[in-house]
Number of protein chains: 2
Amino acid sequence: MASTRNDSAVTVRDVAQLAGVSPGTVSKALNGQGQLREETRQRVQEAAEKLRFRPNQVARSLAEGRTYTVGMLTSDSFGRFTLPLMEGIEDSLGAGKVSTLLCDGRGDPLRERHYLAELLNRRVDGIVVTGRRPDERRSVGQLPIPVVYVLGRSDDPEDLTVTNDDEQGARLAVEHLVAHGRTRLAYVSGPAHHLSTQLRRQGFEAAAAAAGMTVSDLLTGHWSEAWGRTAAGLLARRTSGLVDGVVCGSDQIARGLTDGLREAGVRVPQDVSVVGFDNWDVMVQAARPPLTTVDPKLVRLGRLSASRLLAAIDGAELGRGVVAQPCELVIRESSVPT
Amino acid sequence: MASTRNDSAVTVRDVAQLAGVSPGTVSKALNGQGQLREETRQRVQEAAEKLRFRPNQVARSLAEGRTYTVGMLTSDSFGRFTLPLMEGIEDSLGAGKVSTLLCDGRGDPLRERHYLAELLNRRVDGIVVTGRRPDERRSVGQLPIPVVYVLGRSDDPEDLTVTNDDEQGARLAVEHLVAHGRTRLAYVSGPAHHLSTQLRRQGFEAAAAAAGMTVSDLLTGHWSEAWGRTAAGLLARRTSGLVDGVVCGSDQIARGLTDGLREAGVRVPQDVSVVGFDNWDVMVQAARPPLTTVDPKLVRLGRLSASRLLAAIDGAELGRGVVAQPCELVIRESSVPT
DNA sequence: ATGAAAGCGCTAACAA
DNA sequence: TTGTTAGCGCTTTCAT
């Protein structure tokens, strides 16, 4: 029937008629295309406003062959890491009047394939694949549109991945400890088979070696406070003058460790300095004392990945391989002995 | 030019040609419309697959006057509460082959208006507005499409809001404590002017009164662990035989309180039972002991709101006012004395 | 500087 | 049961 349901009803033709011009002119006037007399442009604009004209993006997309939409596909579910990433992605996209279509793959390959097809059918201009997963994730393959992976890496070296530099982050932490006179360092992190555990360990060891420090312990376990507390026990047993600086693989571990140490009578940071990883506000603030930590700058990561994607959509080379962005150290009280 | 960029190139016409039918028939065959001979449908399907036909949803949307897309507008930023809501929303929408367009209002009215306009231009079929904000949020106003608010309430009684029943949640907590022999109860929550603080307090008081319990304290402060610890100090000073059950307004508070009590030599749950609110995994698991808590069932909330929206899009009455869904109690160790 | 006309790829009403 | 014909609302050459 005529007006199906949510029709704004008013189209370029209505505006054209009111302004006394042709539809083509309306299009040009409203989009700043072509050569129009200023007076005409004005008149069209007024007509559009008067009629509360809502240009139909769907029609525009069809005509233009471009949707100004990008898909955001999460490999694992929406996690805590997804939020800052999304924020950054929206930052970049919003600036370019591009909208985000959300798809939560939930770590299910089938679901993911389904969503991928959907995004393609909807003719998105590009896709950003986010995900925090141990190690790499399967590439979505060669697509007719640019794809960028953020945080979680693609297993295809031809794809572009934007992520944080775990190794550098850990180095930052070590250098900070060393600068504050710490000499006997330990590393306490998550599961040994996680890529981030490994990369951070490499950074830790490299920096420790470079500074000529003693590495007393390299402990791997879980990404939990409980593990942090357990590790505190392990370290505390031989604490007297032994370990005086600990780099943790996450803020949760760091917090658990701090709690554990305090309860074992070890003072943080006087006796032992602790540095976390993630700069997760909740953990970092609630810890006693507040945690010095390595910030992977996830919002920035999101922004960067989206802007690379936009550039690629506009014809630039997308690039390939892993782009690792530097982390930043955020100094709070857990690491600086009076 | 002919192939702009990301053209799958293959259209209904190509499929039609290969299958030896007309474009209209292809449409019907692929969408299960009209009366087709099974053999024809088959042939079309094969042709489509062979050509790797990707039906252009944009064109379909334009023709059908429906986009199978809903907008998700967050009032405050993506917060921790947003994740489970999104999960639920996606659950419902995904089932209906509807996609989600993401818009993060970030609490900025200007930004929000901009996004709203964008969603309307894109002709979304409906909008779900999410938000955790103290008190109500401004209605986005009468729109030509259905809108449902979730978690954060609209200030317009004509709008539909789906949220959790804070009062009932608090009652649940009290009843649980009472059932376990607790008799002198306290309520420790966030800022007094937050609606959720108030509603939960009402539930708390009503249930306590109904059970003939003594209410020793009603404390309001912040949604933080630090405040929980402070409150623990306040309670502990007069603990000996006084307070034996505490209902907290959040898991963070509950966790801080538990830590504070423990450090003050009060045993949880032997001396005092503690119940949190939110069932936020991180907090609830890391607390010692793990927290009994009220679960607002956010995923379910998301699912419900989206399915109401879908129904409305399909012509059903949307309804109005606040629909408060019951919370559920999750029992762990912090509340059950031996 | 503006208008006319074709077409983006699909669906849907109407014929055949 | 299938084909034909119009659009959906916009952009975009190409004339004028």
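Letters A, B, ... are given to chains in the order of the sequence lines, protein chains preceding strands, and every chain is numbered from 1.
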Taking N or O atoms only and anything under 3.5 Å, show me the protein contacts with nucleotides 1-5 of chain D, one pair per line.
{"unit_1": "dT2(D)", "atom_1": "OP1", "unit_2": "Arg37(B)", "atom_2": "NE", "d": "3.2"}
{"unit_1": "dT2(D)", "atom_1": "OP1", "unit_2": "Arg37(B)", "atom_2": "NH2", "d": "2.6"}
{"unit_1": "dT2(D)", "atom_1": "OP1", "unit_2": "Thr40(B)", "atom_2": "OG1", "d": "2.5"}
{"unit_1": "dT2(D)", "atom_1": "OP2", "unit_2": "Arg37(B)", "atom_2": "N", "d": "2.7"}
{"unit_1": "dT2(D)", "atom_1": "OP2", "unit_2": "Thr40(B)", "atom_2": "OG1", "d": "3.0"}
{"unit_1": "dG3(D)", "atom_1": "OP2", "unit_2": "Ser22(B)", "atom_2": "N", "d": "2.8"}
{"unit_1": "dG3(D)", "atom_1": "OP2", "unit_2": "Ser22(B)", "atom_2": "OG", "d": "3.4"}
{"unit_1": "dG3(D)", "atom_1": "OP2", "unit_2": "Thr25(B)", "atom_2": "OG1", "d": "2.7"}
{"unit_1": "dG3(D)", "atom_1": "O6", "unit_2": "Lys28(B)", "atom_2": "NZ", "d": "2.9"}

[X] [atom1] to [N] [atom2]: how many Å, rounded?
X: Leu30(A); N: dG9(D); atom1: CG; atom2: P; result: 16 Å
X: Gln57(B); N: dC8(C); atom1: CD; atom2: C1'; result: 15 Å
X: Arg60(B); N: dC10(C); atom1: CZ; atom2: P; result: 10 Å
X: Gln17(B); N: dG9(C); atom1: CD; atom2: P; result: 15 Å
X: Leu62(B); N: dA6(D); atom1: CG; atom2: C1'; result: 13 Å
X: Phe53(A); N: dT11(D); atom1: CZ; atom2: C1'; result: 12 Å
X: Gln33(B); N: dC14(C); atom1: CD; atom2: P; result: 16 Å
X: Arg13(A); N: dG7(D); atom1: CZ; atom2: P; result: 10 Å

Nearest heavy-atom neighbours spanning Ile313(A) and Asp125(A):
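Minimum heavy-atom contact is CG1-O, 3.3 Å.
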Kindly give the heavy-atom pair with the smallest separation between Ser99(A) and Leu101(B), and that separation in Å.
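Of all heavy-atom pairs spanning Ser99(A) and Leu101(B), the closest is CB-CD1, 4.0 Å.
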Nearest-nucleotide pick for Glu64(A), side chain only, options being dT11(C), dT12(D), dC10(D):
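Minimum distance to the Glu64(A) side chain belongs to dT12(D).
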Ionic contact status for Lys50(A) with Glu46(A), cut-off 4.0 Å:
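The answer is no: the pair does not qualify as a salt bridge.
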Could Glu112(B) and Arg137(B) be called an ion pair, given the rule that one side-chain N must be under 4.0 Å from one carboxylate O?
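Yes, charged N to carboxylate O under 4.0 Å.
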Kindly say if Thr11(B) contacts the phosphate of dG9(C), meaning a side-chain N or O under 4.0 Å from OP1 or OP2.
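No.
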Phosphate oxygens OP1/OP2 of dT11(C): is one of them under 4.0 Å from a side-chain N or O of Asn31(B)?
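Result: yes.
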Kindly confirm or rule out a cation-pi arrangement of Arg66(A) over Tyr68(A), judged by NZ or CZ under 6.0 Å from the six-membered ring centre and within 45° of its axis?
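Flagged: Arg66(A) positioned over aromatic ring of Tyr68(A).
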Under the 6.0 Å and 45° cation-pi test, does Arg106(A) pair with Tyr115(A)?
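Output no; distance or angle outside limits.
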Between Thr130(A) and Leu151(A), does a side-chain contact (heavy atoms from CB on, under 4.5 Å) hold up when you go through it step by step?
CA-CA 6 Å; Thr130(A) 82; Leu151(A) 203 52; 5.9 Å; no
